[in-house]
Amino acid sequence: MSEPTRVLVLNAGSSSVKYQLIDMVDGARLAVGLVERIGERTGRLAHAPQGGERREAVRPFPDHRAALDAVAAELTADALGLDSPELAAIGHRVVHGGKRFTAPTVVTDEVLTEIRRLVPVAPLHNPANITGIEVARGLRPDLPQVAVFDTAFHTTIPEYAARYAIDTAVADEHRVRRYGFHGTSHQYVSRATARLLGRDPAELNVIVLHLGNGASASAVAGGVCVETSMGLTPLEGLVMGTRSGDVDPGVVFHLHRVGGLSVDEIDDLLNRRSGLLGLCGENDMREIMRRTDEGDPAARLAFDAYVHRLRKYLGGYYAVLGRVDAVAFTAGVGENAAPVRAAVCAGLTELGIAVDPELNSIRSDRARVVSPEYSRVTVAVVPTDEELEIAQQTFALVHQG
């Protein structure tokens with residue numbers, strides 16, 4: 001019998017499970033799906049097998065076990081069941097791996113214990129990731145379960161960049177440092193950019209701008225991350241859909257002492273009611289651009305604040321790297337919002353950065369260059385594929401040796 005070549009990728013959120021079944025021979029998606037509104041009165045499952053019709057089911061999914069049982073049933077209906085001998089492993093997205101987990105890791109009881117210890121620094125994400133792992137282990141206890149960490153790619157950041165300038169004893173006791181997130185995306189896109197340019201990742205310096213509802217930037221030198229915008233949590237850095245990004249820490253004290261807001265209320269404000277939403281009441285960049293075109297001043301302010309923060313990080317990371325070979329835009333906004341790319345790069349020709357208006361206006365799901373030939377720095381649009389990255393890392397780990 002030939003070696004199993006399929007990897008099931010699971011991304012378990014607090015009330016959802018995204019999944020993809022990928023054949024590592026050719027990267028084919030044998031099945032893609034989503035279970036959402038887990039724990040609510042009405043849940044929803046959407047499942048799409050390769051070459052088949054998309055199926056949907058609306059019914060309650062009381063917990064993650066019920067959701068994953070439903071996923072297993074859908075896969076079985078397509079002869080892709082979890083009991084298939086062709087399944088090599090299950091790869092799990094885990095948001096926070098702290099300092100310890102610097103690479104994909106086969107899940108053991110000890111590993112799960114350490115992931116639990118990190119819950120205080122990822123209270124919204126790690127508990128759901130743990131639940132997904134535990135349920136999957138119960139369904140296939142004989143199969144390797146691999147944790148792939150969002151933070152792992154950023155563990156190469158130098159200590160002087162990872163440290164906040166606060167008392168080191170306090171910081172160490174409470175694990176306060178820059179961890180960074182979206183690591184699988186930044187890793188995939190930095191390598192994909194090198195492939196697009198026909199270069200060895202080891203010789204390329206890239207600034208990756210992952211711009212979705214959550215947004216982050218990274219500086220990647222020779223394939224190694226040396227700086228990233230998110231910090232202890234995914235709140236720091238760029239202006240995002242509902243997150244503020246960088247604010248003066250004194251804002252928190254001011255809102256508490258003067259505004260009378262509780263810690264939980266401030267947490268909710270900065271994470272869920274800020275960013276683009278806080279500035280103009282909308283977190284969808286498409287709607288913001290439409291309103292901006294119509295002359296809406298609130299939308300214009302939100303767009304300009306978003307772009308300004310991006311330009312600040314782009315210039316800062318240029319200084320960190322010293323030499324920049326490419327700037328790569330990725331994720332929903334980065335891949336689809338040509339006006340954002342144009343605004344971020346406007347007026348930067350002295351830094352060797354420019355976009356060609358015609359190339360930038362072309363919509364495509366393929367990686368492509370949008371800078372003019374004369375540009376010293378290549379500006380590229382590189383679709384991210386976090387699921388494939390997780391599958392590749394999972395498959396490589398279980399086949400080592």
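Given the structure is predicted, the values throughout are model-derived calculations rather than measurements.
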Taking [X] for the side chain and [Y] for the main chain, is one N or O donor matched with an acceptor at less than 3.5 Å?
X	Y	result
Tyr179	Val121	no
Arg243	Asn271	no
Arg309	Gly237	yes
Arg178	Ser229	yes
Glu335	Thr384	yes
Asp23	Ala28	no
Ser218	Val220	no
Thr330	His210	no
His308	Asp304	no
Ser375	Gly352	yes

Are any non-hydrogen side-chain atoms of [X] and [Y] less than 4.5 angstrom apart?
X	Y	result
Leu235	Leu270	yes
Met230	Met240	yes
Tyr313	Ile207	no
Val369	Leu197	yes
Leu238	Leu211	yes
Val333	Tyr306	yes

Is the shortest side-chain N to carboxylate O distance from [X] to [Y] below 4.0 Å?
X	Y	value
Arg117	Glu114	yes
Arg286	Asp284	yes
Glu159	Arg177	yes
Arg163	Asp172	yes

Side-chain H-bond candidate by donor/acceptor type, [X] with [Y], under 3.5 Å:
X	Y	result
His64	Thr131	no
Asp78	His47	yes
Gln145	Arg137	no

May I ask you to decide if the ring planes of His186 and His154 are parallel, tilted or perpendicular, using 30° and 60° as cut-offs?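 If you compare the ring of His186 with that of His154, the planes turn out perpendicular.
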Using 30° and 60° as the class boundaries, would you call the ring planes of Phe395 and His399 parallel, tilted or perpendicular?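 Geometry flag for His399 against Phe395: tilted rings.
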Val377/Tyr318 under side chain to side chain contact (heavy atoms under 4.5 Å, CB included): CA gap, chis, key distance, verdict: CA-CA 11 Å; Val377 177; Tyr318 204 122; 4.0 Å; yes
Do the two ring centres, one from His96 and one from Phe181, sit under 6.0 Å apart?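 Judged by ring-centre distance (under 6.0 Å), His96 and Phe181 do meet the cut-off.
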Between Glu74 and Tyr19, is the side chain to side chain donor-acceptor pair (under 3.5 Å) condition met? List the steps. CA-CA 12 Å; Glu74 292 294 334; Tyr19 62 94; over 6 Å; no
Carefully, step by step, assess Arg191 and Glu389 under the rule salt bridge (charged side-chain N to carboxylate O under 4.0 Å, His left out). CA-CA 11 Å; Arg191 286 205 308 261; Glu389 181 68 28; 2.6 Å; yes
Indicate the atoms forming the closest heavy-atom contact of Val9 with Ala391, along with that distance.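 Looking at all heavy atoms of both residues, the closest pair is CG2-CB, 3.8 Å.
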Walk me through it: do Arg291 and Glu287 pass the test salt bridge (charged side-chain N to carboxylate O under 4.0 Å, His left out)? CA-CA 6 Å; Arg291 285 171 51 186; Glu287 179 65 11; 5.1 Å; no
